[in-house]
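Let me begin by presenting the structure, written as structure tokens, before commenting on it.
Counting starts at 1 for both ligands and their atoms, in listed order. Only heavy atoms go into these numbers, but all of them, side chains included; no hydrogens, no water, no symmetry mates.
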Amino acid sequence: MTDRPVLVVNSGSSSMKYQLVDPDAGVAVASGVVERIGEPGAAGRARHSFAGNDTTFSGPIPDHAAALEVMRQLFVDSGRPLRGERLVGIGHRVVHGGDVFADPVLIDDAVLRQIRAVSGLAPLHNPANLTGIEQAARAFPGIPQVAVFDTAFFRTLPAAAATYAIDADLAARHAVRRYGFHGTSHQYVSGQVATVLGRPLADLDQIVLHLGNGASASAVRGGVAVETSMGMTPLEGLVMGTRSGDLDPGVLLHLAGPGGLDPAGLDTLLNRRSGLLGLAGTNDFRDLQAMMDGPDADRAAAARLAFDVFCHRVRKYIGAYLAVLGRVDVITFTAGVGENAPAVRAQVLAGLEGLGIVVDADRNAVRSRDARIISPPDTPVTVMVVPTNEELAIARATVTVVG
Ligand code: ADP
């Protein structure tokens, strides 16, 4: 076991996920989640995994400071206490870096001010990320804190890809542009592709499909992001578990007019009640696939339609990114659905032989946690499944920043 681990923290408004990562071996030493932070009474709970055993907590967790104390105690209870002096650093996932942050940074007061300044762009996420950082700095004084931004990998988007065609002054005043999200995953996966294939990253034109509960696609030329499907917010692009993805903006006008929805109602509809959930009543892909084969014909038809809409949207983006790149060497599936749903991979890429894109049925059916090629040998485009690991990417970025 490493002597110099990194603690990775992903702090949400009511939950905090963490992993103690050995960045050299590329493994999580321990991990856990603290949930229902700030809920009244003793509703809080936490689960911690170390060496194949789970340790749990339930009781009051009034705030993020308490959540960190719970985490620290769970490390003690599990038999492997977390000793601050041995941490290389603490790496924090921060959702929005605005147009300020193109790389991970060591957190100081100026950085905290800048993260706060762009928080209006991610009001649900950045304030919670900031609270996590501030409390971790208090709980582990003297340990370097590093911020790794979901948007950073997409700071390289060309202006033509990052710009919305609306009044330019208004857009500038309100920082309305395309930022992209899931960048840590797209960067990690596109880098892994080069490593696994044993080819220089600089030589590869790639399309990466991150299909999880949130979903996004990117076009990556030589390791540099040139397009991505999420925009100013994570709402744009692919169909997701509970988010609509692309929509005619006129739909919003219609729903706000005759539909009578106010901004909060639209937010709830598009972020929480749309996507697979809106179409078929579940945002869990496993449940969706079970429903497709289930006894209830109406539910099966709704699930089938949701599945088809999901796959069609991904396919449409692949076509778009082929044109953006002009050519493609590798198409890669990642995240919960991308890694585990062969039926999605098969349907998304069916009938594209004319473009040099083929999925080998046997290779596609293999269940594995390893990165793998699912196209036949000697086809022009390599199709891969590569497990994402955002925590490892954040841990390695933390080591690089701390030096
Ligand atoms: P996020 O990190 O965005 O919460 P994940 O990347 O963990 O999401 O992906 C979650 C999604 O992956 C869920 O819809 C889940 O049902 C789906 N998923 C996980 N395992 C499988 C599987 N074996 N087959 C199909 N879908 C799966």
Practice problem: Would you check the N or O atoms of Gly214, main chain and side chain alike, for any that come under 3.5 Å of an N or O of ligand 1? | Solution: yes
Practice problem: Give the ring-plane orientation class for His210 versus His186, where under 30° counts as parallel, over 60° as perpendicular and anything between as tilted. | Solution: tilted
Quiz prompt | Pairing of Arg93 and Asp150 as salt bridge, 4.0 angstrom limit | solution = yes
Self-check item: Nearest-contact summary for atom 15 (C) of ligand 1 - protein heavy atom, Å
Solution: Arg286 NH2, 3.7 Å
Quiz item: Which protein heavy atom lies closest to atom 16 (O) of ligand 1, and at what distance to 0.1 Å?
Solution: Asp284 OD1, 2.7 Å
Self-check item: Element-labelled atoms of ligand 1 that are located less than 4.0 Å from some non-hydrogen atom of Gly212
Solution: 5 (P), 6 (O), 8 (O), 9 (O)
Quiz prompt | Side-chain donor-acceptor contact under 3.5 Å, Thr55 with Asp77 | solution = no
Quiz item: Picking from His64, His92, His48, what satisfies ring-ring contact (aromatic ring centres under 6.0 Å, His included) with Tyr18?
Solution: His48
Quiz item: Got a protein heavy atom sitting under 4.0 Å from atom 2 (O) of ligand 1?
Solution: no
Quiz item: For atom 21 (C) of ligand 1, which of Leu276, Leu211, Asn340 has the closest heavy atom?
Solution: Asn340
Quiz prompt | Thr388 versus Ser185, side-chain donor and acceptor atoms under 3.5 Å | solution = yes
Self-check item: Among Ser185, Gly241, Gly336, closest by any non-hydrogen atom to atom 9 (O) of ligand 1
Solution: Gly336
Quiz item: Is it true that the NZ or CZ of Arg177 lies under 6.0 Å from the centre of Tyr179's six-membered ring and within 45 degrees of the ring axis?
Solution: yes
Quiz item: Cation over ring, Arg72 on Phe140, under 6.0 Å and within 45°?
Solution: yes
Quiz item: Near Val337, which atoms of ligand 1 are under 4.0 Å from a heavy atom of that residue?
Solution: 11 (C), 12 (O), 17 (C)
Quiz item: What do you reckon, does Asn283 put a non-hydrogen atom under 4.0 Å from ligand 1?
Solution: yes
Self-check item: Short N or O distance, Ala335 and ligand 1, threshold 3.5 Å exclusive
Solution: no
Quiz prompt | Side chain, backbone, both or neither: Gln289 near ligand 1, heavy atoms under 4.0 Å | solution = side chain
Quiz prompt | Donor-acceptor under 3.5 Å (Asn340 side chain, Gly336 main chain) | solution = yes
Quiz item: Out of curiosity, is His210 lining ligand 1, as in a heavy atom under 4.0 Å away?
Solution: no
Quiz item: Between the side chains of Tyr164 and Glu236, does any donor sit under 3.5 Å from an acceptor?
Solution: yes
Quiz item: Between Asn213 and ligand 1, is there a nitrogen or oxygen pair with a distance under 3.5 Å?
Solution: yes
Exercise. Starting from atom 14 (O) of ligand 1, find the nearest protein heavy-atom neighbour and note its residue, name and distance.
Key: Phe285 N, 3.0 Å
